[in-house]
Amino acid sequence: GDRKMVRGHAKQQAQERNAKLNAGAQKGSQLGKADVAMVFKCPICLQVMPNVKLYHTHYQSKHPNETFPAEAQTQLDALNSKKAQAADSKAAAEPVVKKKPAKKKDDLSALLAEGLGPTKSSKKK
(Lines give C-alpha, C1' and ligand atoms only; values in the text may rest on other atoms or scores of the structure.)
Protein backbone atom coordinates (compact mmCIF):
# COMPACT_ATOMS: atom_id res chain seq x y z
CA GLY A 1 0.00 0.00 0.00
CA ASP A 2 0.78 3.67 -0.22
CA ARG A 3 1.73 4.66 3.33
CA LYS A 4 3.13 8.09 4.20
CA MET A 5 5.16 8.86 7.26
CA VAL A 6 2.76 10.52 9.65
CA ARG A 7 5.47 12.44 11.51
CA GLY A 8 6.98 13.76 8.29
CA HIS A 9 3.60 15.06 7.18
CA ALA A 10 3.01 16.71 10.57
CA LYS A 11 6.46 18.29 10.37
CA GLN A 12 5.70 19.76 6.95
CA GLN A 13 2.37 21.13 8.20
CA ALA A 14 4.06 22.67 11.24
CA GLN A 15 6.70 24.30 9.02
CA GLU A 16 4.02 25.79 6.77
CA ARG A 17 2.01 27.05 9.76
CA ASN A 18 5.09 28.63 11.35
CA ALA A 19 6.08 30.24 8.04
CA LYS A 20 2.67 31.95 7.91
CA LEU A 21 2.96 33.13 11.52
CA ASN A 22 6.50 34.46 11.07
CA ALA A 23 5.79 36.15 7.72
CA GLY A 24 4.98 39.48 9.41
CA ALA A 25 7.96 39.41 11.75
CA GLN A 26 10.99 41.55 11.00
CA LYS A 27 14.06 39.74 9.90
CA GLY A 28 17.65 40.80 10.10
CA SER A 29 20.02 42.32 12.56
CA GLN A 30 19.38 44.49 15.59
CA LEU A 31 22.79 46.13 15.36
CA GLY A 32 21.40 49.49 14.23
CA LYS A 33 18.69 49.60 16.90
CA ALA A 34 21.11 50.44 19.73
CA ASP A 35 22.63 53.31 17.75
CA VAL A 36 19.17 54.78 17.12
CA ALA A 37 18.39 54.59 20.86
CA MET A 38 21.53 56.54 21.76
CA VAL A 39 20.27 60.11 21.84
CA PHE A 40 22.93 62.28 23.52
CA LYS A 41 26.42 62.65 22.05
CA CYS A 42 29.14 64.32 24.07
CA PRO A 43 30.70 67.11 21.95
CA ILE A 44 34.02 66.80 23.81
CA CYS A 45 34.80 63.07 23.68
CA LEU A 46 32.05 61.96 21.23
CA GLN A 47 30.75 59.29 23.60
CA VAL A 48 27.05 58.51 23.11
CA MET A 49 24.51 58.13 25.94
CA PRO A 50 20.92 56.81 25.77
CA ASN A 51 19.35 59.28 28.23
CA VAL A 52 19.83 62.69 29.80
CA LYS A 53 20.60 61.34 33.29
CA LEU A 54 23.55 59.31 32.05
CA TYR A 55 24.64 62.26 29.91
CA HIS A 56 24.67 64.51 32.99
CA THR A 57 26.55 61.91 35.04
CA HIS A 58 29.06 61.59 32.20
CA TYR A 59 29.64 65.34 32.20
CA GLN A 60 30.09 65.43 35.97
CA SER A 61 32.64 62.64 36.01
CA LYS A 62 34.54 63.06 32.73
CA HIS A 63 34.33 66.82 32.11
CA PRO A 64 33.83 68.50 35.52
CA ASN A 65 35.30 71.84 34.35
CA GLU A 66 33.01 72.08 31.30
CA THR A 67 29.48 73.46 31.33
CA PHE A 68 26.61 71.06 30.75
CA PRO A 69 24.71 71.89 27.50
CA ALA A 70 21.65 74.11 28.10
CA GLU A 71 19.13 72.07 26.08
CA ALA A 72 20.09 68.89 27.91
CA GLN A 73 19.89 70.76 31.23
CA THR A 74 16.30 71.81 30.51
CA GLN A 75 15.37 68.18 29.77
CA LEU A 76 17.05 67.06 32.99
CA ASP A 77 15.22 69.75 34.99
CA ALA A 78 11.89 68.69 33.47
CA LEU A 79 12.59 65.06 34.35
CA ASN A 80 13.57 65.95 37.92
CA SER A 81 10.47 68.13 38.42
CA LYS A 82 8.23 65.26 37.23
CA LYS A 83 9.89 62.94 39.74
CA ALA A 84 9.51 65.50 42.52
CA GLN A 85 5.79 65.94 41.76
CA ALA A 86 5.30 62.16 41.76
CA ALA A 87 7.12 61.86 45.09
CA ASP A 88 5.07 64.72 46.60
CA SER A 89 1.78 63.18 45.53
CA LYS A 90 2.84 59.79 46.89
CA ALA A 91 3.94 61.32 50.19
CA ALA A 92 0.62 63.16 50.51
CA ALA A 93 -1.32 59.97 49.80
CA GLU A 94 0.48 57.79 52.35
CA PRO A 95 1.68 59.12 55.69
CA VAL A 96 4.99 57.52 56.52
CA VAL A 97 5.21 56.02 59.99
CA LYS A 98 8.73 55.36 61.17
CA LYS A 99 9.18 52.42 63.45
CA LYS A 100 11.75 52.57 66.19
CA PRO A 101 14.47 50.00 65.60
CA ALA A 102 14.55 47.29 68.24
CA LYS A 103 17.57 47.21 70.48
CA LYS A 104 19.81 44.50 69.13
CA LYS A 105 21.67 43.98 72.39
CA ASP A 106 18.48 43.07 74.26
CA ASP A 107 17.36 40.76 71.48
CA LEU A 108 20.72 39.02 71.45
CA SER A 109 20.82 38.57 75.20
CA ALA A 110 17.24 37.24 75.21
CA LEU A 111 18.11 34.73 72.49
CA LEU A 112 21.24 33.66 74.31
CA ALA A 113 19.31 33.24 77.55
CA GLU A 114 16.75 31.06 75.78
CA GLY A 115 19.35 28.98 74.00
CA LEU A 116 21.74 28.54 76.92
CA GLY A 117 19.18 28.08 79.68
CA PRO A 118 18.53 24.63 81.15
CA THR A 119 15.93 22.63 79.29
CA LYS A 120 14.26 19.32 80.09
CA SER A 121 15.62 17.59 76.99
CA SER A 122 19.23 18.46 77.76
CA LYS A 123 19.20 16.81 81.24
CA LYS A 124 20.45 13.27 81.37
CA LYS A 125 18.63 10.59 83.29
Which atom pairs, one a donor and one an acceptor, fall under 3.5 Å between side chains of residues 54-61 and the rest of the protein, sequence neighbours left out?
from, atom 1, to, atom 2, distance (Å)
T57, OG1, K53, O, 2.9
H58, NE2, H63, NE2, 3.2
S61, OG, T57, O, 3.2
S61, OG, H58, O, 3.3

Margin query: Would a single hydrophobic cluster contain both I44 and V39, if residues Ile, Leu, Val, Met, Phe, Trp and Tyr are joined by side-chain heavy-atom contacts under 4.5 Å?
Written below: yes
Check: More than 12 non-hydrogen atoms from neighbouring residues, nucleotides or ligands closer than 6.0 Å to CD on Q13, yes or no?
Finding: yes
Check: Do M49 and F68 sit in the same hydrophobic cluster, where Ile, Leu, Val, Met, Phe, Trp and Tyr count as joined when their side-chain heavy atoms come under 4.5 Å apart?
Finding: yes
Next item on the list: For V52 and L79, work out which heavy atoms get closest and say how close.
Entry: CG1-CD2, 4.1 Å
